[in-house]
Amino acid sequence: MRHHLILRIVAKLLIPPILLFALYVQFHGDFGPGGGFQAGVIFGAGFILYALIFGVETAKKVAQPEIVRVMVAVGVLLYGAVGLVSLLLGGSYLDYSVLAHDPVRGQHLGIFIIELGVGITVAAVMITIFFTFASRGRS
Amino acid sequence: MAWLGLYNYWVVIFLMMAGFYAVITRGNLVKKIVGLNLFQTSVFILYISMSKVQGGTAPIVDNEFAIYSNPLPHVLILTAIVVGVATTALGLALVVRIRESYGTVEEDEIHHLDKSF
Amino acid sequence: MTMAAIDALSWVCLVTGGFFGIVGGIGLLRFPDLFSRFHAAGVTDTLGAGLVLIGLMLQAGWSLITIKLVLILAFGLFTSPTATHALAKAALRGKVKPLLRRKGT
Amino acid sequence: MFVAATTAILVTMALALIRALLGPTVYDRVLAVNMFGTKTVLLIAVFGFLTGRPDFLDIALAYALINFIAIIAVLKFFEYGDLGQSRPSRARRDRT
Amino acid sequence: MEHLIVIVLLSFLAITAVAIVMLHDLVAVVMLFGIFSLLSAVIFLVLDAVDVAFTEAAVGAGISTVLMLGTLALTTPKEKTSPRFAPIPLLVVIITGAALVYGTLDMPRYGDPTAAIHQHVAPRYLERAPRETGIPNVVTAVLASYRGYDTLGEVTVIFTAGVGVMLLLGSPRRQTKRKRGKR
Amino acid sequence: MISQHLPALQVVIPLLTAPVCLLFNNARVAWILSLVASSVALVIAALLLQQVLTVGILTYEIGGWAAPWGIEYRIDPVNAFVLLIVAAIGTVVMSFAPRSVASEIPEQQIALFYAAYLLCLAGLLGIAATGDAFNLFVFLEISSLSSYVLISLGRDRRALTAAFQYLIMGTIGATFILIGVGLLYMMTGTLNMADLAKRLPLVADTRTVAAALAFLTVGISLKLALFPLHLWLPNAYAFAPSVVTAFIAATGTKVAVYMLLRFLFTVFGATLSFEAVLLPTILLPLSLVAVFSASIVAIFQDNIKRMLAYSSVAQIGYMILGLSFVSVTGLTACILHLFNHALMKGGLFLALGCVVYQLGSADISKFAGLGRRMPWTFAAIVVGGLSLIGVPLTVGFISKWYLVLAALESGQWWVAVLVLIGSLLAVVYMWRIVEVAFFQPAPRQGSQRREAPLSLLLPTWVLIGANIFFGINTDLTVGVAQRAAVWLLGGAS
């Protein structure tokens with residue numbers, strides 16, 4: 001969008017707040033509305049905006065497809081790993097209470113980690129999907 | 001006034017059927033996906049309608065409030081929305097591929113091409 | 001300023017904001033061509049939204065809520081004109097001609 | 001008083017919806033959708049106050065951001081015929 | 001007031017849905033679907049489902065619209081008008097709708113706090129979730145802890161979508177019948 | 001310590017192996033990982049079945065929350081058996097996979113392919129293991145989404161349209177299931193199946209529950225391709241990659257039949273659904289129509305994969321027929337046929353995979369004279385075909401036998417006659433293959449066509465051999481199926 005000067009500048013201004021807001025939603029989900037999924041989508045949307053304005057090839061330099069692809073897997077594995085750890089610590093699968101001495105703290109910790117896993121996977125998948133759609137030329 | 005308590009559900013059913021109709025009658029594949037989304041979103045509204053409690057408020061516990069709406073349907077629908085997006089993304093990816101190999105996204109033209117093939 | 005004055009002021013803001021919103025809506029519906037509709041939507045959108053948000057801010061007092069409202073307002077002030085501007089530009093490039101005269105005049 | 005504001009916003013939404021249905025050009029629809037989006041943000045904000053839970057403003061904030069992205073995507077689609085490139089593609093011009 | 005808002009919004013939704021089904025301009029359909037999504041998110045909010053509203057807002061208005069436009073950019077933006085009347089699908093739809101309406105007749109009334117759904121499992125969540133998990137947002141607590149396994153499934157679904165899209169569109173296309181070569 | 005966590009590990013291991021495949025992004029590593037994950041799943045399933053048969057039902061509270069509040073895995077004889085079928089087919093198919101996949105799928109996509117396969121496996125296992133109605137929906141979607149993708153990877157472009165059609169039909173089905181589950185939840189306030197079963201009788205005569213039953217049945221019928229709703233299946237099976245066809249044909253619809261069994265018998269309870277809504281009067285005729293119409297259509301197919309796909313629709317008809325008798329013998333027949341059909345269709349589609357690997361096509365016109373050039377492959381097809389027909393000493397006979405017994409037991413001797421006539425139709429379409437492959441001369445120029453490599457033949461013959469083994473040694477299958485049937489009808493196991 002070379003000739004859209006205003007758009008480019010406004011987008012540059014907006015993208016940092018969008019990403020910050022995504023982090024806020026990620027970590028504030030325990031107290032208000034929001035959580036990993038919403039945060040992931042908003043985070044991904046930030047990159048989508050960047051790719052829309054500056055072109056997908058430029059965006060790929062920022063979010064390299066190989067790294068994004070790894071992130072897609074990392075989120076799920078993080079989630080699953082919490083389950084396996086709680087299993088090894090003597091609880092049943094995904095029983096966060098055993099993660100810390102105090103069950104409530106354990107729950108809190110577990111929820112924090114799995115929400116992070118959700119957020120990572122969702123953001124990475126959203127970016128991947130958009131990039132694959134957008135970089136496919138018309139026939 | 002008893003029927004008023006069901007009015008919401010009936011409108012939601014109308015929405016669902018509009019989406020369902022679009023899915024099964026429209027020949028355009030993108031339109032089918034949109035119809036599918038319509039159908040699913042209306043089912044979500046059905047679920048959320050049943051979670052509402054008269055005079056209740058959002059289930060974020062706070063000392064000021066005593067009555068909360070039912071949180072469980074919300075949880076289910078959060079998951080279902082995600083499933084819906086995933087389906088949409090896959091369906092659209094398929095549409096793109098179909099367009100690339102057939103040159104069209106109209107169902108009857110695709111059938112025609114397959115027959116003559 | 002007393003509480004009552006702030007309350008009244010916020011009411012005024014909310015009502016005028018709502019009024020501007022409706023005016024913008026009518027303009028969007030009634031204006032004859034695309035570009036005048038941009039005008040109706042763009043101007044009153046910002047003004048109406050701004051007034052309503054200011055009205056809410058006055059209700060909320062000094063708190064996190066006000067900060068969020070300010071953020072929403074700031075975003076609105078950035079994005080709404082940008083979107084309208086970009087849309088108008090796109091429409092011009094997309095060969096939608098502005099209506100310079102009414103038919104018959 | 002929130003009631004009055006809510007009503008006004010709902011009326012505006014209705015007007016914007018009619019414009020979105022009527023068209024006639026796609027740009028009209030985009031404009032209407034944009035307006036609808038900003039009014040939704042307002043409605044959510046006002047509704048939060050109406051029910052006494054204004055901490056839901058996060059959603060309004062998210063909307064304000066997301067709505068913008070959707071509109072930019074539409075614009076890019078119109079002008080470039082494509083979401084990925086950074087300059088207009090030829091193919092778009094060929095089509096009617 | 002809440003009731004009134006819901007009824008008005010539902011009417012908007014119904015109008016939008018009809019328009020989506022009728023229109024042939026797919027760009028307009030996508031735009032209206034964006035409106036549909038916005039409206040349903042507001043309904044979720046009014047019905048106290050804030051987290052759902054948030055998700056629908058982020059997904060429906062943002063991601064879905066962008067994806068659909070991306071698809072239209074790769075296909076065609078006009079639906080071929082086929083004015084054939086399809087009686088059998090219509091019949092199927094009417095029967096399905098009638099079955100649902102029949103099903104509603106014995107439902108608890110909208111918002112009725114004595115309904116079974118509000119008596120059995122949910123009250124325990126509302127009572128004990130904040131204490132057991134230390135999280136005031138009961139939806140997050142149920143989502144992440146009580147029904148955390150569903151959420152693992154949810155992440156897997158998204159992961160599946162990512163894998164699927166990569167499989168379908170990730171590799172360069174096989175038929176090379178490009179009309180505009182890179183010259 | 002591990003043994004008590006088996007129900008969770010059953011599903012979680014394949015599920016978490018999928019992202020690992022993506023991380024490595026190497027075809028060979030991905031294959032090894034999937035083979036290992038499938039075999040581990042098989043071992044776990046065998047252990048679970050053994051535990052269930054000795055100890056009784058197993059429950060596992062995921063997340064440590066008690067049943068109606070948390071999600072529970074509940075393994076009883078029925079789903080232990082289904083888990084075993086799915087995991088076993090998965091393992092055999094994976095040992096078949098590497099060559100076949102390498103010949104049909106581009107190199108750089110193979111790792112992703114295995115990831116999708118593992119997700120599909122995890123989804124199917126998850127459906128079978130869970131005791132929670134909504135969790136079932138989630139895992140159903142995992143398996144469905146991955147199978148749409150897997151099907152679309154076929155080389156023919158019609159694979160894409162087939163996958164799309166399946167996606168539309170499957171999503172409508174899943175949404176119907178979602179509506180059904182929602183209505184049930186609305187009336188009872190719970191999602192746990194055991195809890196639902198307890199609470200449903202209180203509201204059994206409401207119209208809402210009837211609607212829920214209708215939506216669940218229709219939704220699941222879409223997934224299992226019951227007669228008027230089967231339109232997605234033939235194309236999907238015909239154009240998918242060989243490995244995918246073998247896996248999905250042998251497991252996907254079976255798990256859907258299991259879902260129907262689970263909802264009709266465990267959740268609604270035999271009395272409620274069958275006496276109140278008279279499902280037998282709807283399901284029984286539909287299943288017979290399915291058997292006949294699909295068998296007749298199968299006779300006229302020129303693509304053998306498509307022919308066998310129609311045959312699958314017919315076989316699903318037999319399963320639903322067994323179910324609709326609502327008797328121990330009928331259910332035994334249904335569950336037995338579920339297992340047996342997985343064996344025969346798995347074996348047949350793998351044998352076809354060998355053919356496609358050598359020929360690049362499954363068109364009957366290319367089969368001329370192949371019987372002598374590929375003797376082992378075609379011997380497998382013949383044995384599988386005999387099993388499909390229901391000749392004694394094969395598994396097909398056992399399930400047909402119980403089906404006929406159930407029909408006679410219920411006094412509907414004409415149904416028994418129809419079952420036998422249906423088998424004759426299977427003779428007709430299988431004979432077409434035999435005729436072309438063995439009695440038509442081979443074309444001159446096709447001399448380079450040889451027998452398929454051992455690495456493909458061996459897994460094929462494992463399944464075909466199982467057809468004969470379980471046809472002669474019926475203790476295990478019939479024993480488990482009977483216990484499962486008794487369990488479903490409410491008796492103690």
Side-chain angles (χ1 to χ4, degrees), chain A residues 37 64-100 102-125 127-129 131-133 136 139, chain F residues 1-26 29-30 33 37 44 58-67 69-74 108-109 111-112 114-116 118-119 122-123 126 129-130 132 135 138 142 145-146 149 157 160:
Chain A
F37 183 78
Q64 284 164 16
E66 292 76 29
I67 297 174
V68 177
R69 191 179 157 118
V70 168
M71 284 301 162
V72 170
V74 163
V76 181
L77 285 175
L78 193 62
Y79 201 136
V82 172
L84 292 178
V85 167
S86 56
L87 201 139
L88 290 176
L89 291 176
S92 59
Y93 192 74
L94 290 177
D95 185 353
Y96 315 131
S97 302
V98 294
L99 292 178
D102 176 22
V104 176
R105 282 188 69 98
Q107 288 286 342
H108 219 111
L109 180 67
I111 292 174
F112 180 81
I113 300 174
I114 62 123
E115 289 275 17
L116 199 62
V118 176
I120 291 174
T121 293
V122 170
V125 169
I127 295 172
T128 310
I129 291 179
F131 281 7
T132 35
F133 267 86
R136 205 163 176 94
S139 54
Chain F
M1 182 204 126
I2 285 294
S3 70
Q4 80 201 49
H5 294 299
L6 287 181
L9 291 176
Q10 170 86 80
V11 180
V12 167
I13 286 177
L15 195 148
L16 289 184
T17 316
V20 177
C21 277
L22 192 69
L23 278 184
F24 281 103
N25 197 16
N26 171 303
V29 176
L33 282 172
I44 294 177
L58 306 170
T59 56
Y60 186 83
E61 290 162 356
I62 295 167
W65 302 108
W69 298 283
I71 292 170
E72 170 191 58
Y73 267 13
R74 179 179 277 265
Q108 72 272 20
Q109 290 188 326
L112 286 170
Y114 284 114
L118 282 169
L119 290 168
T130 191
D132 187 279
N135 193 244
V138 174
I142 294 176
L145 288 175
S146 44
V149 177
R157 68 174 177 181
L160 294 171

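Hydrogens, waters and symmetry mates are skipped; everything else that's a heavy atom, side chains included, is used. In what follows, every chain begins at residue 1, and chains take the letters A, B, ... in the order their sequences are listed.
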Starting at [atom1] of [X], measure out to [atom2] of [Y] and round the result to the nearest 0.5 Å.
X	Y	atom1	atom2	result
A/Leu84	F/Leu9	CG	CG	7.5 Å
F/Trp65	A/Ser92	CH2	OG	10.0 Å
F/Asn25	A/Glu66	CG	CD	9.5 Å

I need the minimum non-hydrogen distance between [X] and [Y], along with the two atoms involved.
X	Y	value
F/Leu16	A/Leu77	O-CD2, 3.6 Å
F/Pro19	A/Ala73	O-CB, 3.4 Å
F/Gly64	A/Asp95	CA-OD2, 3.8 Å
A/Arg69	F/Leu112	NH2-CG, 4.0 Å

| note | Highest number of heavy-atom pairs under 4.5 Å with chain F among A/Tyr96, A/Tyr79, A/Tyr93 belongs to A/Tyr93

| said: Which atoms of A/Gln107 are under 4.5 Å from chain F, going by heavy atoms: the side chain, the backbone, both sets, or neither? | reply: side chain

| said: Does any backbone or side-chain atom of F/Ile71 lie under 4.5 Å from a heavy atom of chain A? Answer side chain, backbone, both or neither. | reply: neither

